[in-house]
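A short worksheet on the structure shown next.
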Amino acid sequence: MLRPVCVMLALVVSAALAPAAQPQAHSPTQADEDIARIVGYSMTRGGALAFLETLSDTVGGRITGSPESRAAAELILKTLKDAGIDSAHLEEYDLTSQWRHGSATGEVISPVKRAILIGSYGWVPGTPGPIEVPVTDFGPIGDERASIPARVHGAAVIVDLRSGGSSSTYVGARAIIARRLAEAGASAMFIVSDKPDRMVYTSAFGFYPRAPLPVISIASEDAAFLRRLIAKGDVKVRLDVQNSFPGPGKERNVVADIKGSAPSEMVLLCAHFDSWDPAQGANDNGAGVAAVLEAARIFKLLRIQPKHTIRFVFFSGEEQLSNGSRAYVEQHKDELEKIRAVFNVDSGAHPPTGFAIHGRQDMEAISKILLKPLAPLGADRVFLDADFDSDQETFIVAGLPIYSLRVDPQDYDARHHTIIDTFERVDPRMLAIHTAVMAVAGYSFANAEQRPGRRLSPSEVQELLKRTGLEQLYQLEYSAEKPQ
Ligand SMILES: [Zn+2]
């Protein structure tokens with residue numbers, strides 16, 4: 001893959017020259033030199049790609065709490081240590097609820113006999129052995145508080161969350177409907193997959209620590225088939241979903257520092273390493289882990305010492321309830337004031353566009369200045385909108401300045417949490433650019449004269465959540481650990 005890398009490097013170099021149409025008036029500063037070396041190594045070393053291949057092919061899918069998740073943490077740790085980053089270590093935390101992903105099979109048994117393509121959501125129970133139940137169609141969710149018909153009792157219920165125009169967020173509506181169907185005695189909830197090519201989807205958002213009934217993704221083609229049958233009469237399916245909950249367990253984050261020359265403050269570069277297991281978790285979020293890890297190795301290799309410390313944090317548990325980042329914030333609560341900024345990458349390796357600052361208007365002007373070195377990489381835009389889509393939620397709630405990498409998502413959504421989140425679909429050039437973007441962001445913020453923003457007080461955080469429309473999701477996620 002030498003050629004594409006060379007072509008891309010030429011593009012990056014020409015892009016770098018573009019804004020400075022007028023000749024540079026001054027000779028390069030130390031920062032100019034450092035950034036040029038960081039970007040050069042990011043583009044030419046191939047380190048992120050090599051690590052991602054190892055992670056994808058030797059560990060593969062890594063569900064939180066699984067032996068594969070432990071293996072991933074140990075691989076990250078070993079890779080950092082091998083690079084000479086002696087500060088690298090594991091930080092263990094308690095996981096309230098472990099989950100084992102068993103097989104999920106389904107077939108229509110009446111009026112015809114036909115296998116259907118299904119897949120389990122995460123942190124949902126299995127069926128009590130194989131069950132034979134009627135199927136009923138709940139249809140699109142217009143309002144998750146609408147009355148639940150009696151016919152759902154004992155049935156597998158098809159629910160369409162795609163086109164409902166629900167009053168709540170997608171995740172919120174899904175969790176609320178699951179609870180209400182369970183209360184009404186439904187045997188299972190079929191959520192119609194919005195993936196192409198008969199693929200199913202998985203997620204645990206809104207279900208951790210334990211969903212109230214088996215929640216099952218059904219391929220849209222198979223749901224359409226069931227609906228055609230239902231239109232003509234009664235339909236029965238046989239379902240066998242074999243998930244289990246082994247109880248509480250342990251998980252771990254991996255943390256490593258490139259120590260600053262004046263290490264009174266720090267910048268965090270973060271990515272989550274847990275994934276789903278129908279595939280390799282290559283783009284979500286092996287790519288982010290590989291970029292952040294390679295950034296750490298490049299600082300070490302080039303002996304670049306920033307003014308303030310750059311800390312590299314690899315979280316587990318993101319896919320459940322951002323458990324890893326929550327544990328980090330709890331375990332490091334005495335040093336949160338030292339954090340200048342947190343950078344999180346969980347976007348897939350697609351063309352970068354900039355960073356979301358999640359409603360922090362107070363950080364907008366200064367962020368535009370501090371992100372300037374990322375202009376040649378196309379990653380200097382500042383987005384004000386806020387989301388809870390990854391570990392940023394933990395840092396938003398903690399009131400810290402948090403930057404989430406934004407990209408042009410291309411086909412990200414079609415692959416996300418499916419059987420095709422595999423290594424060879426990750427674009428090596430974009431992975432190299434993400435490495436450069438994260439490293440340069442860390443470098444610039446760690447060397448900046450001023451901090452991008454202050455830590456918000458708890459009441460200011462609540463005001464921010466209200467203003468950005470995240471309040472309902474916050475209530476759902478921050479009450480989720482309560483027993484159900
Ligand atoms: Zn992710």
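In each ligand, atom 1 is the first atom listed, and ligand 1 is the first ligand listed. These numbers come from the heavy atoms of this one structure, side chains and all, not from hydrogens, waters or symmetry mates.
Of the charged side-chain nitrogens involved, at least one lies within less than 4.0 Å of a carboxylate oxygen, so that R297 and E294 count as a salt-bridged pair.
Among the atoms of E318, no N, O or S atom is found under 2.8 Å from the Zn ion (ligand 1). One of the N, O or S atoms belonging to D284 lies under 2.8 Å away from the Zn ion (ligand 1).
Of all N/O/S atoms in D346, OD1 sits nearest the Zn ion (ligand 1).
If you check the side chains of S203 and R174, you find a donor sitting under 3.5 Å from an acceptor. Counted by atom type alone, D240 and Q242 present one or more donor-acceptor pairs between their side chains at under 3.5 Å.
Classified by interplanar angle (parallel below 30°, tilted 30° to 60°, perpendicular above 60°), the ring pair Y328/F315 is perpendicular.
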